[in-house]
Amino acid sequence: MASSTRVQPERVRILRGGEIAPGPVLYWLRREQRVHDNWALLYAQDLALAGGRPLGVVFCLVPSFLGAARRHFEFMLAGLHSVGDELAALQIGFFCLRGDPAREIPALAASCHAGCLVTDFNPLRISRQWEQAVCARVEIPVHLVDAHNVVPVWLASDKQEYAARTLRPKLRRQLPRFLSDLPAVRRHAYPWLQDVARPDWPLLARRLRAPVAGGALAWCRSGEAAARAALAHFLDERLAAYATARNDPTTAGQSDLSPYLHFGQLAPQRAAYAAAQRAGAAGGADPAAAAAVAAGRDAFLEELIVRRELSDNFCHYNHDYDRYEGLPAWGRRTLEDHLDDPRTHLYDLAAFEAAATHDSLWNAAQTELAVRGKLHGYLRMYWAKKILEWTRDPAEGLSIAIALNDRYSLDGRDPNGYAGCAWSIGGLHDRPWTERPVFGKIRFMNLAGCRRKFRVDRYIERVQRWTQEDSR
DNA sequence: ATCGGCTCGCGCAA
DNA sequence: TGCGCGAAGCCGAT
């Protein structure tokens with residue numbers, strides 16, 4: 001069977017080799033929960049078209065996943081619901097299974113006599129384990145597609161990068177080849193004819209075993225359509241101010257796209273391509289406005305591509321990405337020099353989770369995280385660094401920061417979160433600074449710095465307003 | 001308001 | 001082997 005005509009071969013890794021057998025192509029959808037701008041779906045469709053076969057998509061719902069809360073599952077299920085509807089309209093089969101993917105995926109592949117299995121790339125350990133388990137239980141080829149990174153993670157670099165500055169030039173060299181528009185998925189010429197039971201979405205929601213944590217997520221509607229609207233809104237309304245406003249938690253200066261990127265409802269490459277198109281022309285006759293758009297675009301692309309793909313690089317090449325042992329050697333060394341330093345305050349997970357520290361800014365940040373399911377980028381650093389400062393040792397601090405981020409943040413359980421916690425607490429991708437108690441040479445942050453950057457009282461009031469709205 | 005120093009190690013130039 | 005420089009800061013000097 002011929003290979004893909006629309007997807008570059010460097011995007012694809014063969015997890016299990018062999019001849020593609022007769023029978024439909026099955027795409028096991030995991031991280032990229034969208035129909036459009038999805039290289040893995042396009043690749044699976046190309047394989048199916050080349051062989052004249054039907055195409056099916058399967059998602060396997062795991063009732064409990066890395067500490068995710070009920071509202072995360074509800075957000076995800078709402079998005080998957082529209083994915084299923086759109087695929088049906090394209091004559092592509094859609095299954096939403098429930099249980100252990102290591103059992104469910106091979107069972108489905110066998111029952112529909114699939115000739116090939118395609119899945120999307122995710123660097124987290126649990127994803128690799130599922131891949132291995134599935135490969136061991138099927139007799140057909142399994143192909144893995146990096147549909148998340150603009151430059152496929154294994155092509156961008158063959159090792160864990162030391163810092164953004166070592167990855168940046170490697171990405172830049174490859175971007176002309178990869179930062180392109182994406183082709184449209186087609187109505188599939190060979191319809192999926194076998195009976196597909198429409199997922200019983202309300203039943204799936206009722207059977208979840210996820211803990212209830214945090215408030216409702218009124219600010220962020222789920223789904224591909226909402227994601228595209230949010231991108232358009234950001235590019236139209238906020239891009240010009242992004243370079244200057246994104247580090248001020250009292251203004252709406254951030255893109256607010258991370259939930260969509262995390263759940264795969266928005267393709268990073270779509271966002272990057274759209275932002276790159278917003279060249280100086282946007283300002284028209286006004287050179288200052290054009291310069292602001294260009295600065296916003298550059299800052300956004302730096303975060304969207306360089307820093308996000310750096311965190312995929314970290315988790316892909318460092319299997320201790322969420323543990324103390326995964327921190328850089330100089331960071332661990334200097335933290336260990338200060339293990340016996342007295343701590344000014346000590347809290348456990350429950351006290352942090354209850355936002356019951358002595359610091360009203362920290363409590364407000366934790367409250368924002370709990371109520372809204374997101375924490376402003378600048379405050380997220382302060383938040384994590386204080387957890388390091390107020391726990392008995394850095395390993396405990398790291399695990400508390402990760403646990404809270406995974407439980408509350410809509411974009412938790414993502415390489416971004418693990419890299420962010422390791423940056424704040426262990427100096428990952430950072431450099432050493434003046435030595436001081438507890439932190440050692442890890443970059444320090446404090447309230448005075450926040451006051452210099454933004455109106456701390458205004459931020460705290462803002463969070464209190466959200467809390468009142470939420471309780472109503 | 002602005003500036004330099006802090007401190008490690010990567011990667012490139014020589 | 002030497003050297004420049006870096007994921008978002010802090011602090012004290014001017």
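In what follows, every chain begins at residue 1, and chains take the letters A, B, ... in the order their sequences are listed.
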For this session: Is it possible for you to check whether Arg332(A) lies under 6.0 Å from the centre of the six-membered ring of Trp330(A), through NZ or CZ, and within 45° of that ring's axis?
Result: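 The answer is no; the distance or angle limit is not met.
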Exercise. Is the NZ or CZ atom of Lys385(A) both under 6.0 Å from the centre of the six-membered ring of Trp390(A) and within 45° of that ring's axis?
Worked result: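 The answer is no, since Lys385(A) fails at least one limit relative to Trp390(A).
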Between [X] and [Y], do the side chains contain an N or O donor and an N or O acceptor separated by less than 3.5 Å?
X         : Y         : answer
Gln45(A)  : Arg6(A)   : yes
Glu86(A)  : His36(A)  : yes
Glu435(A) : His338(A) : yes

Problem set entry | Short side-chain N/O contact from Asn247(A) to OP1 or OP2 of dA8(C), under 4.0 Å |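 Result: no.
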Exercise. Quick one: is dC10(C) close enough that its OP1 or OP2 comes under 4.0 Å of any side-chain N or O from Arg452(A)?
Worked result: yes
Give the rounded distance in Å between these two atoms: [atom1] of [X] and [atom2] of [N].
X         : N       : atom1 : atom2 : answer
Arg332(A) : dG9(B)  : CZ    : P     : 12 Å
Arg443(A) : dC10(C) : CZ    : P     : 9 Å
Trp383(A) : dA8(C)  : CH2   : P     : 20 Å
Arg168(A) : dG6(C)  : CZ    : P     : 8 Å
Lys441(A) : dA7(C)  : NZ    : P     : 20 Å
Leu447(A) : dC10(C) : CG    : P     : 10 Å
Glu389(A) : dC10(C) : CD    : C1'   : 13 Å
Tyr162(A) : dC12(B) : OH    : P     : 15 Å

For this session: Identify the nucleotide, in any strand shown, that forms a Watson-Crick or G-U wobble pair with dC3(C), with both distances under 3.5 Å; if there is none, say none.
Result: dG11(B)
Between [options], which nucleotide gets closest to the side-chain atoms of [X]?
X         : options                 : answer
Thr166(A) : dA8(C), dG11(B), dA7(C) : dG11(B)
Met381(A) : dC8(B), dA8(C), dA7(C)  : dA8(C)
Arg165(A) : dA8(C), dC11(C), dG9(B) : dG9(B)
His429(A) : dA7(C), dG11(B), dG9(C) : dA7(C)
Pro432(A) : dC8(B), dA8(C), dC11(C) : dC8(B)

Would you indicate what [X] reaches in the nucleic acid, counting non-hydrogen atoms under 4.0 angstrom: base, sugar-phosphate, or nothing?
X         : result
Trp423(A) : base
Arg308(A) : nothing
Met445(A) : sugar-phosphate
Lys170(A) : nothing
Lys385(A) : nothing
Arg246(A) : nothing

Taking the same atom, [atom1], in [N] and in [M], what whole-Å distance lies between them?
N       : M      : atom1 : result
dT1(C)  : dT7(B) : P     : 25 Å
dA14(B) : dC5(C) : P     : 14 Å
dA7(C)  : dT2(B) : P     : 23 Å
dA8(C)  : dA1(B) : P     : 23 Å

Exercise. Would you call Arg270(A) and Asp181(A) a salt bridge, using N to O less than 4.0 angstrom?
Worked result: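 Yes, Arg270(A) and Asp181(A) are salt-bridged.
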